[in-house]
Amino acid sequence: MSFPWANEYKPSHPFMQWMDDRLPLPRLVYNSVGAGYPVPRNLNYWWNFGFMALVCLIIQIVTGIILAMHFAANDTVAFDSVEHIMRDVNWGWLMRYVHANGAAAFFVVVYVHIFRGFYYGSYKAPREMVWLLGVVLFLLMMATAFMGYVLPWGQMSFWAAKVITGLFSAIPMVGEPLQQWLLGGFAPGNATLNRFFSLHYLLPFVIVGVVVLHIWALHIPGSSNPTGVPVKSESDTVPFFPYFIAKDGWTVGAFLFFLAAVTFYAPNMLGHPDNYIPANPMSTPAHIVPDWYFWPFYAILRAFTTDFFFIPAKLMGVLAMFGSILIWFLLPWLDKSPVRSASYRPLYRKFFYVLLVAMAVLFYCGGAPAEEPYVVISQIAAAYYFAHFLIILPIVSAIERPDPLPYSITEAVLGEDESAALSPAE
Amino acid sequence: MAEEAVTDAPELAAGDGVRRRDFINIAAVSVAGVGGLSTLVPLISQMSPSADVLAQSSTEVDISAIETGQAIKAVFRSQPVFIRNLTPAEITEANEVAVASLRDPQTLAERTLKSKENWLITMAVCTHLGCVPLGAGEGESRGEFGGYFCPCHGSHYDTAARIRKGPAPLNLEVPDYEFVSDTVVKIG
Amino acid sequence: MIRILSILVGLFFTVALAWSLLTGLLNFELPHTVEHEFHEHPKELHLASDGAFGKFDRQQLQRGFQVYKEVCAACHSLRHVAFRDLAALGYNEAEVKAIAVGYQVDGIDPNTGEATTRVGMPTDYFPLAFPNDVAARAANNNAIPPDLSLMTKARHNGAAYVYSLLSGYQDPPAALPEDNRPGEGLYYNPYFANLNLAMAPPLNEGIVSFGDGTKSTVEQMSKDVAAFLVWTAEPKLEKRKQTGLPVLGFLLFATILGFLSYKSIWADKKKKKG
């Protein structure tokens with residue numbers, strides 16, 4: 001599965017030899033995140049976010065298991081049990097703030113990771129499976145984060161549960177019964193809270209499983225790189241250990257610094273004050289919004305304000321919101337340009353930056369109240385979003401003239417590659 | 001980053017360079033280890049009793065209704081406590097035992113407060129494995145020595161709640177307590 | 001094939017959005033409400049607990065607690081706070097006990113099992129001002145006085161909000177439309193979201209007399225209550241800030257060390273091969 005020059009695992013101790021013959025776990029580690037995994041030497045810092053996402057997942061699972069020891073998933077006491085964690089449990093405030101802000105940090109990291117993929121064409125052959133699993137991971141993350149947000153049973157929790165399950169009621173015929181089935185009632189209640197808690201505890205472990213597949217699939221072709229040129233020779237790669245462990249290591253330190261700064265000095269900055277008010281089914285807060293990491297998709301949902309022929313606006317919005325992520329699954333087949341990296345695709349690069357701007361606009365509008373001018377602005381941005389992936393990308397990849405690529409990674413890094421002279425010109 | 005190729009860097013004296021490099025790597029890994037270990041502190045101590053649980057650590061009991069020869073169970077730190085008003089006969093019986101022969105040698109006087117020797121206050125938690133012994137309620141078995149009897153594994157306690165027979169290693173524990181008034185005792 | 005399909009789907013969504021956009025533009029109207037015009041953002045408030053090195057001013061918290069106890073507590077509960085927590089305000093064990101004894105809490109008669117009340121103990125929580133929402137509504141002109149434990153975290157810029165609201169009652173401006181003038185039992189306050197508040201101005205000068213000789217102006221009492229409610233909302237605030245500094249210092253140090261280690265490991269790969 002790897003390059004022929006990959007280092008071979010050699011057990012140094014008789015015990016490790018014994019182990020290797022029976023359960024080659026050390027060999028697996030060595031070949032996946034050790035010296036046995038050759039990585040393109042030219043990876044830039046945008047490639048560090050995958051490892052950071054793994055760190056985030058671990059932080060969330062550890063703090064989450066701890067919070068579950070003190071949290072009570074019952075609608076009469078859930079809110080109070082969170083306050084119990086904040087006030088009386090030893091270091092409980094730290095656990096909760098790390099978990100809440102860690103979720104936000106996880107999304108920051110994963111958004112960068114995804115947009116790294118967009119820019120450098122990481123979804124293209126032979127890495128389609130890595131990409132598809134990545135989109136699955138993102139969907140699982142969103143589901144997990146949403147259900148976690150419901151657990152403190154504050155006003156925002158309650159109304160998030162109501163509004164998000166309300167999306168399913170847009171489906172013709174089965175919508176209403178489906179929503180009641182999801183909630184276990186006519187409105188969010190104890191049944192909802194309990195099932196969300198159960199699933200919020202389960203899904204992270206499903207995520208761990210898919211992460212294993214994601215990394216496995218990555219190790220078949222090996223990592224992509226900023227030039228998009230495939231690895232040609234040993235001088236193009238360095239072993240993951242120690243080179244990328246060292247690089248990932250210090251950036252994780254920097255990442256933790258920012259996470260700690262927010263956790264200790266602005267722990268409620270990313271939260272919503274209304275979630276410190278206990279859930280009240282009788283009154284909706286004046287301005288309800290999901291957590292910030294859902295804002296772009298929330299903006300898309302709200303952008304559809306008019307019925308489109310026979311399709312109601314509500315259904316249109318729901319279709320578009322789910323569709324906006326599901327279209328990522330098609331990306332490897334929509335963009336058929338043979339060149340991966342946007343660094344050598346002048347036309348695509350321009351559209352990529354427009355997409356970034358559109359995404360930023362959607363972010364902003366998703367968090368703003370549902371009133372003008374935000375609605376009109378988000379409609380323009382959402383229209384670009386769909387046009388970008390579904391119309392522009394297929395056309396650009398057909399008509400674009402890419403810039404010349406370097407011969408190899410080594411040439412890109414060092415300015416020359418001895419082996420280039422030996423091989424016939426392309 | 002990848003592009004910033006350093007050209008013509010002066011060669012370090014081999015030995016010196018290697019040593020300094022090793023040092024910085026070892027230091028980095030050690031510091032990361034220290035960081036990892038210190039995060040264990042909150043991760044572990046969160047399981048200790050929380051502030052609200054620790055705060056429930058004293059309780060006041062009205063003992064005016066306990067007649068001589070009777071006992072009640074009160075609650076202290078979520079566990080039962082025996083409060084027994086000993087009869088003169090039980091006191092005599094307890095004082096006649098040769099202390100040196102006991103598994104956990106203690107006199108009755110050591111287990112009660114001065115001038116309140118008839119009030120025997122002990123945890124109702126068997127020192128073997130933590131069951132609640134019988135003997136406080138009306139008609140319950142008081143064991144072979146007339147005190148308490150733990151039915152789980154057959155530990156017998158005498159009238160001073162001292163272990164006399166069975167697997168329990170120690171006498172029933174006497175919690176800290178004081179008499180707030182003649183009729184109210186504060187445990188803890 | 002897939003690309004032709006995708007272009008069609010893309011057109012479907014973009015045209016639907018363009019349609020929404022068009023109808024939106026035809027009826028385009030920027031929102032304008034009286035609340036937008038007359039509502040004011042909270043006044044600036046600086047507390048000792050602000051900032052990375054912030055610490056509670058215990059004297060101020062005690063004053064704030066006194067105002068809560070003598071004024072606010074008539075209608076507002078503090079259900080997440082226990083008497084034992086007051087030790088953090090600088091009260092000693094006996095003082096905490098004395099405060100607790102001053103309250104009646106729910107209990108049962110040990111002989112009959114009937115619901116009754118007993119004097120508070122340090123482990124008890126502040127009793128609720130009203131037994132339930134219906135009672136709270138009935139006693140307060142149909143408005144429920146919210147619990148104050150988390151108030152400063154449950155509002156944007158909460159401490160400043162509490163301070164501004166308490167000290168911000170005023171006569172309605174002349175320009176205020178008739179529909180937005182306070183009705184029966186309502187009071188104009190520009191810091192409140194819909195401008196008219198069911199709570200009568202609770203503070204007036206000298207309503208409490210502070211033990212430490214501080215003059216009890218409305219301004220002073222509002223600040224003190226805001227500070228007290230910052231504490232009730234997050235009693236661990238001080239510990240959080242104190243823990244943060246060494247953690248950040250350590251992470252900075254570890255990151256720099258990690259960076260140097262990274263540089264030294266990559267040194268030979270960054271060099272041009274001879």
Side-chain angles (χ1 to χ4, degrees), chain A residues 39-48 55 58-59 61-63 65-70 80-81 83-98 225-227 236 238 241-243 245-250 252-253 256-257 260 263 343 406 409-416, chain B residues 1-60 75-79 130 175 186-188:
Chain A
V39 185
R41 61 189 295 179
N42 61 335
L43 299 191
N44 57 30
Y45 280 104
W46 298 115
W47 260 261
N48 286 34
V55 171
I58 294 168
I59 292 175
I61 289 182
V62 169
T63 52
I65 288 174
I66 285 171
L67 289 172
M69 294 181 190
H70 305 284
D80 293 354
S81 75
E83 278 310 307
H84 165 69
I85 290 169
M86 291 300 289
R87 289 158 195 269
D88 288 334
V89 172
N90 300 297
W91 297 99
W93 57 271
L94 180 60
M95 297 299 131
R96 172 161 174 266
Y97 278 155
V98 169
N225 72 83
T227 65
D236 288 348
V238 293
F241 178 87
Y243 291 97
I245 286 284
K247 193 173 176 183
D248 283 329
W250 90 261
V252 163
L256 292 177
F257 180 86
T263 301
S343 303
I409 293 170
T410 309
E411 188 187 283
V413 176
L414 302 178
E416 61 179 6
Chain B
M1 275 180 270
E3 287 77 16
E4 49 186 59
V6 181
T7 47
D8 304 324
E11 284 294 319
L12 294 163
D16 187 38
V18 168
R19 245 181 284 132
R20 198 170 64 206
R21 242 190 247 178
D22 284 352
F23 169 74
I24 202 147
N25 295 338
I26 291 167
V29 171
S30 320
V31 168
V34 169
L37 283 179
S38 21
T39 51
L40 288 181
V41 173
L43 297 187
I44 290 170
S45 73
Q46 51 88 16
M47 297 226 290
S48 311
S50 55
D52 54 331
V53 172
L54 290 176
Q56 310 274 359
S57 54
S58 77
T59 193
E60 287 186 10
V75 181
F76 167 59
R77 286 186 180 166
S78 310
Q79 298 188 97
K186 181 186 167 215
I187 305 171

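Letters A, B, ... mirror the listed sequences (proteins, then strands); counts begin at 1.
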(message) Quick check: under 4.5 Å, non-hydrogen atoms only, which of residues 36-49 of chain B neighbour chain A?
(response) B:P42, B:L43, B:S45, B:Q46, B:M47, B:S48, B:P49
(request) Would you mind checking which part of A:V62 comes under 4.5 Å of any heavy atom in chain B, side chain (CB onward), backbone (N, CA, C, O), both or neither? (result) side chain
(request) Could you tell me which residues satisfy side-chain contact (heavy atoms from CB on, under 4.5 Å) with B:D52, sequence neighbours excluded, listed by chain and number? (result)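 Applying side-chain contact (heavy atoms from CB on, under 4.5 Å) to B:D52 gives A:H84, A:D88, B:S50, C:R84, C:Y125.
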